[in-house]
Amino acid sequence: MKTDPRTAPGASSTTAREDDQSDNAPDDLTDNFIEEIIEADLRAGKHGGHIVTRFPPEPNGCLHIGHAKAICLNFSLAAKYNGQCNLRFDDTNPTTEDTDFVEAIKEDVHWLGFDWKDKEFFASGYFPKLYDFARTLINTGHAYVDSQSLAEIRENRGNYYKPGIESPYRDRSVAENLDLFTRMRAGEFDEGAHVLRAKIDMQSSDILMRDPLLYRIHKTPHHRTGTEWPIYPMYDFAHGLSDSIERVTHSICTLEFQNNRPLYNWFLETLDVPHKPQQIEFARLNLTSTVLSKRVLQRLVHENHVTGWNDPRMPTLSGLRRRGYTPEAIRAFCDTIGVARRDGRIELALLEHTIREHLNATSPRVMSVLRPLRLVIENYPEGNTDFFTCPVNPEDPAAGTHEVPFSRVLYVERDDFLEDPPKKWFRLTPGREVRLRYACLVTCKEAIKDPNTGEIVELRCEWDPASRGGASPDGRKVRGTIHWVSAAHAFDAEVRLYDRLFAVDNPLAEEHGNDLASVLNPDSLEVLTGCKLAPSLKTTQPGTRLQFERLGYFCADTLDSTPGHPVFNRTIGLRDSWAKIAQKQSKTKQAGRR
RNA sequence: UCGGGGGUGGUGUAAUUGGCAACACACGUGGUUCUGGUCCACGCAUUGGGGGUUCGAGUCCUCCCUCCCGAGCCA
C-alpha cells in the first residue's frame, strides 16, 4: 500500500516514482503478505477478479491511530486491486454503543482521505437475516437454547486443560428450541434466562468451539433498531455472516482473532452460504509512549486525565487532527510501518518524523516569540519602522514572500540569551554579535536586570545598519541566527506546548500495574500565555498549520480560537540538535564533578 | 498440564521464495546552511539457540528456548 506519489509528502521534490514508467506496469512486487494472498486468489480467479474488503468499527469509542492502520490497509487494498472497501458498523451490543460515535467515525475516515461510496452498512441492518440463519441452525440440529445460568455456562465450559461438560439442555428437540428461541425474540424472557448456542464440541481443545453463544437477551434499546430486538447476536455469529452478506472477499482483522477463525469458518460451512470470505489476521499497531486500547483511552477521558477524546495529546484521530497532524502524514506513517503478523511496538519517533516531513514541505514560516525578552536597539531611530522580506517557505519558493515589520524594540526568545554561556553557544550573550533572522546583525551590549530579583528584563543592543536584510556586509562569520518580533506590532496569545502523554515506553506493561496516574507524563501540556505573535497571525483561521521559525509546527486550535484571538497548539517541535549538545555538556560536567 | 500464532541491528519492515542481509526511523560522526530546521556523506545486525541436509541456509528438516493470544451472555 504505497502512498500515492501525487499526494505523498514532499511530492514536489521527488519525482522519481512518477517518472518511473514501470510504475504503471503491473506491479509484481507485493507490499505485504496480504497482497500476496490476494494476488494468488486473483490469479486463481477465486473471486471473479474482484475483491471486497471492509472496515468494521464498533461505534463505542473514537477511532485512533491504530484504526488508521486498519483503515489505510483495507481501503488501499481495495484501491490497488480495483475493488471496494465497505464501512460496516459492528453494532451488535446495544449496551455500549452510540450513534454519536457513528458520526464521529465517519468524519474521521473521510478526514483520513477515504471514501466508502454508498457502501455504508450496519450489522444491526442484518438482524433479520441473522435471525433466520439462527433458525436454520436450530432446524438442522446445529443450535440449541441453553437455560443454564451464566455461572453454570462458565463453569461447564472447562478451561485450557479441562474439557467442557455438555449442557443438560443440549438435547432439546428442534421444536422446543424453535419455540424457546421464538419466545426469546418476542421478549418473553428476562436477560440471562436463556441463550442460543451452537452445538459443536464441548471436548474441543479450542475453547471457542465449546458450544459458543450465538444470541443473548438484552432489553437495552439499540441506537438504531430501538426496542425492536430483545435479543442480540454475538460477534462470532454476526461478523462472518455479515461479511458473507456483503460478499467481502478478504476479511482483515487483528491477531487476537486468530483463535476465532475456526469458528468464523464453521458458520460459513455449516450454513453453506453461497459466499465464503477469508479471514486474514495482521498485527495491530502499538506505539511507544501511548496507549491504543479503547478501554484505556476511555479511562483517560472519564478519569479526566485529558479534556476529552479530542484532547491534542490523545492518539485518537480527532486528537491528532486538533493537534495539527495531517491525513497525509498519517497515511505516510501507515505506509511506512508495513503490515505483518509479528507483534511489535513502533517508536513514536517515526510518527513524529512523518508529520515533520510533511509539515516541513508545506507549512508557511512565521516568526513568533513564546517566552518574550525585550531587546532594544539603542542606535536604531525611535519611532521608525522597517519592513523586511521573508520567504514564506524556503522549501517551496513558489510560496512567495511576506513583509515583516521591524522597529527599535523587539522581543526575542528568553532561551536565546545566556549571560554565562557554555561552549559552542552561538546565540545572544554580552559582547556577541548574532543575526536577527531576515533583518540585521546586532551585538548585545548589556543585560538589564531587575534590581530586586536579579532577573534579566531587557537586552541593550546595537545594530550594524550595513547588515540590513540580514546579510553580513563584509563576510564576517555570524554563527547564530535568532527569531524576533517587533514589540509594537506583535500581539499577545495563548500557546499550548504538547509533549508525549506517557512518561514510559509501554504504559500498560505489568510492572506499572493498572495505575495510569503513575505513568503519565506530568509535562504533557504546558500552557503559555502572553506569547508575542507575529501581527499577520491575528486573523489566523482555526485549523491553520504554520511553522514558528526555530520552534516547531503549530496549529490554530479549532475549539478555543475566536476571531482575532487565535490559540495555538504545538503539533511537534523542530529537531533540536542544540538540546542534544547541551544535554551532553551537562552530563560531562556532572561526571567531572563526581 | 491444552490450543492457536510469532521470534531478522535500538525500532519497524524487506530479502527475486536455497545464492553477496536491503529500506526507513533512531543513534553517532562530519559537511552545507540567514531556522543548531531542511539537505548531504559516512558509521551502526550475519537473522532466538543447538544439531542436520546442501557447493551454498534468514529461508528446508529436527530438538530446544522464548514471547504473544485464548477459559465475556465484549468486539
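So you know, we letter chains A, B, ... as the sequences are listed, proteins then strands, and number each from 1.
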B:G28, OP1 or OP2 - any side-chain N/O from A:Lys580 closer than 4.0 Å? yes
Applying a 4.0 Å non-hydrogen cut-off, can you work out what A:Asn260 is touching in the nucleic acid: base, sugar-phosphate, or nothing? base
Stem finding on RNA chain B, please: runs of three or more consecutive Watson-Crick or G-U wobble pairs, both distances under 3.5 Å, sorted by first number. B:2-7 with B:65-70, B:10-13 with B:22-25, B:27-31 with B:39-43, B:48-52 with B:60-64
Only residue of A:Arg432, A:Arg427, A:Arg437, A:Arg371 satisfying salt bridge (Lys or Arg N to Asp or Glu O under 4.0 Å) with A:Asp416 is A:Arg427
Hey, does A:His483 reach any base, or is it just sugar-phosphate, or nothing, if we go heavy atoms under 4.0 Å? nothing
Closer to the 5' end of RNA chain B via nearest nucleotide, is it A:Ser205 or A:Phe548? A:Ser205
Let me know the distance between CG of A:Asn259 and P of B:G5, rounded to the nearest Å. 9 Å
Classify the ring geometry between A:His222 and A:Phe127 as parallel (under 30°), tilted (30 to 60°) or perpendicular (over 60°). perpendicular
Check the phosphate of B:A71 against A:Arg154, side-chain N and O only, distance under 4.0 Å to OP1 or OP2. Yes or no? no
Does a side-chain N or O from A:His353 land closer than 4.0 Å to OP1 or OP2 of B:G37, or not? no
Atom-to-atom span, OH of A:Tyr215 to P of B:G72 - whole angstrom: 22 Å
Could you work out which one of B:C27, B:C2, B:A75 sits closest to the side chain of A:Tyr161? B:C2
When we call it a touch if two heavy atoms are under 4.0 Å apart, what does A:Gln547 touch: a base, just sugar-phosphate, or nothing? base
Could you give the distance separating B:A26 and B:U13 at their C1' atoms, to the nearest angstrom? 15 Å
If I take atom CG from residue A:Leu428 and atom SG from residue A:Cys444, how far apart are they, to the nearest 0.5 angstrom? 6.0 Å
Can you tell me how far apart OG (A:Ser289) and CD (A:Glu352) are? Round to the nearest 0.5 Å. 8.0 Å
B:G3 pyrimidine/purine six-ring stacking with A:Tyr160, under 5.5 Å and 30°: no
Sub-4.5 Å side-chain heavy-atom contact between A:Arg88 and A:Asp243: yes
Using the P atom in both, what is the distance from B:A14 to B:G48, to the nearest Å? 15 Å
Report the nucleotide, chosen from B:A75, B:G36, B:C73, that has the shortest atom-to-atom distance to any side-chain atom of A:Tyr235. B:A75
Relative to its sugar, using the 90° cut-off around 0, the base of B:G56 is anti
Which of these nucleotides, B:G5, B:C73, B:U29, is closest to any side-chain atom of A:Leu150? B:C73
Between C1' on B:A71 and CE on A:Met209, what's the gap in Å once rounded to a whole number? 16 Å
Indicate the ring-plane relationship of A:His194 and A:Phe189, choosing parallel, tilted or perpendicular according to the 30° and 60° boundaries. perpendicular
Taken to the nearest whole Å, CG/A:Asn159 to P/B:G72 is 11 Å
Taking the six-membered ring for Trp and the full ring for Phe, Tyr or His, determine whether the centres of A:Tyr144 and A:Tyr169 are under 6.0 Å apart. no
By the rule that syn is within 90° of 0, classify the base conformation of B:G50 as syn or anti. anti
A:Glu413 CD to B:G36 P: how many Å, rounded? 12 Å
OP1 or OP2 of B:G36 under 4.0 Å from side-chain N/O of A:Arg550: yes
Indicate yes or no: at least one non-hydrogen side-chain atom of A:Thr326 is less than 4.5 angstrom from one of A:Leu359. yes
For RNA chain B, whose closest nucleotide is more 5', that of A:Asp206 or that of A:Ile153? A:Asp206
Round to the nearest Å and state the distance from A:Arg356 atom CZ to B:U35 atom P. 17 Å
With a 4.0 Å limit, can you tell me whether A:Arg197 has a side-chain N or O closer than that to the phosphate oxygens OP1/OP2 of B:C73? no
Report the relative orientation of the aromatic rings in A:Tyr131 and A:Phe181; use parallel for angles under 30°, tilted for 30 to 60°, perpendicular for over 60°. parallel
Look at the side-chain N and O atoms of A:Lys219 and state whether any lies under 4.0 Å from the OP1 or OP2 oxygen of B:C73. no
Return the value, rounded to whole Å, for the distance between atom CG of A:Leu208 and atom P of B:C73. 10 Å
Hey, does A:Glu58 reach any base, or is it just sugar-phosphate, or nothing, if we go heavy atoms under 4.0 Å? sugar-phosphate
Rounding to an integer number of angstrom, what distance separates B:C39 and B:U35 when you compare their P atoms? 14 Å
Atom pair OG1/CG of A:Thr362 and A:Leu546 - distance to nearest 0.5 Å: 10.5 Å
Roughly how many Å apart are B:U46 and B:G37, using the P atom of each and rounding to a whole number? 31 Å
With side chains defined as the heavy atoms from C-beta onward, is the minimum distance between A:Phe333 and A:Leu287 less than 4.5 Å? yes
Can you tell me the distance, in whole Å, between the CZ atom of A:Arg437 and the P atom of B:U33? 14 Å
C1' atoms of B:A45 and B:G5, separation to the nearest Å: 25 Å
Side chain of A:Met234 only, heavy atoms from C-beta on: which candidate in B:A71, B:G72, B:U1 is closest? B:G72
As a test of the definition: with a 90° window around 0 for syn, would you call B:U17 syn or anti? syn
Base, sugar-phosphate, or nothing for A:Ser149, non-hydrogen atoms under 4.0 angstrom? base
Taking the same atom, P, in B:G18 and in B:C61, what whole-Å distance lies between them? 11 Å
dist A:Leu537:CG -> A:Cys531:SG (nearest 0.5 Å) comes out at 11.5 Å
Side chain of A:Lys584 (C-beta onward), nearest among B:U29, B:U35, B:G36: B:U29
How does each nucleotide of nucleotides 9-16 of chain B score, in 5' to 3' order, for protein heavy atoms under 4.0 Å: base (B), sugar-phosphate only (S), or none (-)? -BSSSS--
Just compare B:C27, B:A75, B:U1 and give me whichever is closest to any side-chain atom of A:Thr92. B:A75
Between B:G72 and A:Arg157, is there an OP1 or OP2 to side-chain N/O distance shorter than 4.0 Å? yes
Under the side chain to side chain contact (heavy atoms under 4.5 Å, CB included) test against A:Pro212, which residue among A:Asn260, A:Ile200, A:Asp236 passes? A:Ile200
Assign the ring pair A:Tyr264 / A:His239 to parallel, tilted or perpendicular, where the plane angle (0 to 90°) is split at 30° and 60°. tilted
Please report the distance separating the P of B:G3 from the corresponding atom of B:G9, rounded so that it comes out in whole Å. 29 Å
Look at all strands and tell whether A:Pro262 reaches a base, only sugar-phosphate, or nothing, counting heavy atoms closer than 4.0 Å. nothing
What integer number of Å spans the P atoms of B:U62 and B:U53? 15 Å
Please confirm whether any donor atom in the side chain of A:Glu256 sits under 3.5 Å from an acceptor in the base of B:G5, or the reverse. no
Kindly say whether, by distance alone, the side chain of A:Arg427 makes a donor-acceptor pair under 3.5 Å with the base of B:G36? yes
